[in-house]
**Q** 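There's a structure below that I have some questions on.
Please read all numbers here as calculations on a predicted model, not as lab measurements.
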Amino acid sequence: MSDWKPDGSGVRPGGDVGGDVQATESHSVRYRHVRHRGAVVTVYVFGQSSDGRAFQVTTMTEHVVCDDVGDPGGTERWAEITYVTGPEKYSAKNIHQAVRRIAERHRPDQIQWDGRAPWEKDQ
């Protein structure tokens, strides 16, 4: 059983989160920690390409401790972002479906964070 629960908003448009490497629309899914009220994880999934022909899927995971889970970015007290790019290659025809599918299949038990900022671990 995971300590993380989906926030109920489902898979949503993720916006421009990948900077210059982002080559497709992104999708996001957000989770809240069941015990640490200010802990939020947002997972963004997008395609990237160096040549415009072969694409890879990148997952950007944002860990946030905030005062208002309805506005994590506006009330953030601590944040950390990690990026993972998968080795699989997709064509321009298939990358959009792959990005959406990976976002839809993300599960709370994939989150490897206890919901606390580094200084909270000593308390």
**Q** Tell me whether Arg77 at atom CZ has more than 12 heavy atoms from other residues, nucleotides or ligands lying less than 6.0 Å away.
**A**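 Count over threshold, so yes.
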
**Q** Using a 3.5 Å distance criterion without hydrogens, assess whether the side chain of Gln22 forms a donor-acceptor pair with backbone atoms of Val17.
**A**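 Judged by distance alone, yes, a pair lies under 3.5 Å.
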
**Q** For a quick test of reading the model, state the closest non-hydrogen atom pair linking Ile111 to Tyr31 and the distance between them.
**A**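 Nearest heavy atoms, Ile111 then Tyr31: CD1-CD1, 3.5 Å.
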
**Q** Is there a side-chain contact between Phe46 and Val21 in this structure, where contact means two heavy atoms from C-beta onward sitting under 4.5 Å apart?
**A**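 Result yes, sub-4.5 Å side-chain heavy-atom pair found.
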
**Q** How many angstroms lie between atom OH of Tyr83 and atom CD of Glu62, to the nearest 0.5 angstrom?
**A**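 Nearest 0.5 Å value for the OH-CD distance: 9.0 Å.
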
**Q** Would you compute the distance between atom NE2 of His106 and atom OG1 of Thr61 and round it to the nearest 0.5 angstrom?
**A**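 The OG1 atom of Thr61 is 5.5 Å from NE2 of His106, to the nearest 0.5 Å.
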
**Q** What are the two closest heavy atoms between Ser49 and Ala23, and how far apart are they?
**A**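 Where Ser49 meets Ala23 most closely, the heavy atoms are N-CB, 4.0 Å.
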
**Q** Checking the side chain of His36 only, and the main-chain atoms of Gly38 only, is there a donor and an acceptor separated by less than 3.5 Å?
**A**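 Side chain of His36 to backbone of Gly38: no pair is present.
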
**Q** Of all heavy-atom pairs between Gly115 and Glu120, which one has the smallest distance, and what is that distance?
**A**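 Shortest heavy-atom separation between Gly115 and Glu120 comes out as O-OE1, 4.3 Å.
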
**Q** Is the backbone of Asp68 close enough, under 3.5 Å, to the side chain of Thr75 for a donor and an acceptor to pair up by distance?
**A**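 Yes; at least one donor-acceptor contact below 3.5 Å.
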
**Q** List the atom of Gln112, the atom of Asp109, and the distance in Å for their closest heavy-atom pair.
**A**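 That closest heavy-atom pairing would be NE2-O, 3.6 Å.
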
**Q** Quick one: does Glu25's side chain get under 4.5 Å of Val99's, heavy atoms only?
**A**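 No, every pair of side-chain atoms sits at 4.5 Å or beyond.
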
**Q** Provide the closest heavy-atom pair for Gln56 versus Glu88 in the form atom of the first, atom of the second, distance.
**A**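 So the two residues come closest at CG-O, 3.5 Å.
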
**Q** Can you find a heavy atom in the side chain of Val43 that is under 4.5 Å from one in the side chain of Gln110?
**A**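 Contact flag for Val43/Gln110 side chains = no.
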
**Q** So do the side chains of Pro118 and Glu80 get within less than 4.5 Å of each other, counting heavy atoms only?
**A**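 Not touching, per the 4.5 Å side-chain cut-off.
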
**Q** Please name the pair of heavy atoms, one in Ser28 and one in Pro13, separated by the smallest distance, quoted to 0.1 Å.
**A**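 Looking at all heavy atoms of both residues, the shortest contact is OG-O, 3.8 Å.
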
**Q** Taking Val57 as the starting point, is it possible to reach Val29 by hopping between hydrophobic residues whose side chains are less than 4.5 Å apart?
**A**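 Same cluster.
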
**Q** Among Ile102, Val45, Thr85, Val84, whose side chain to side chain contact (heavy atoms under 4.5 Å, CB included) with Thr58 holds?
**A**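 That would be Thr85.
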
**Q** If hydrophobic residues (ILVMFWY) are linked whenever their side-chain heavy atoms come closer than 4.5 Å, directly or via other members, who joins Val40 in its cluster?
**A**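 Via sub-4.5 Å side-chain contacts, Val40 links to Val69.
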
**Q** Going from CD1 on Ile95 to NZ on Lys89, what distance comes out if it is rounded to the nearest 0.5 angstrom?
**A**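 Ile95 atom CD1 to Lys89 atom NZ measures 10.5 Å (nearest 0.5 Å).
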
**Q** Okay, side chain of His33, backbone of Asp114: is any donor-acceptor separation there less than 3.5 Å?
**A**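 Checked: pair present.
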
**Q** Kindly compute the distance separating CD (Glu104) from CD (Gln97), expressed to the nearest 0.5 Å.
**A**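 One gets 10.5 Å once the value is rounded to the nearest 0.5 Å.
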
**Q** Other residues, nucleotides and ligands only: do more than 12 of their heavy atoms fall within 6.0 Å of CZ on Arg12?
**A**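 Counting neighbours around CZ of Arg12, 12 or fewer heavy atoms of other residues, nucleotides or ligands fall under 6.0 Å, so no.
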
**Q** To the nearest 0.5 Å, what is the distance between CZ on Arg35 and CZ on Arg116?
**A**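 That separation rounds to 9.0 Å.
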
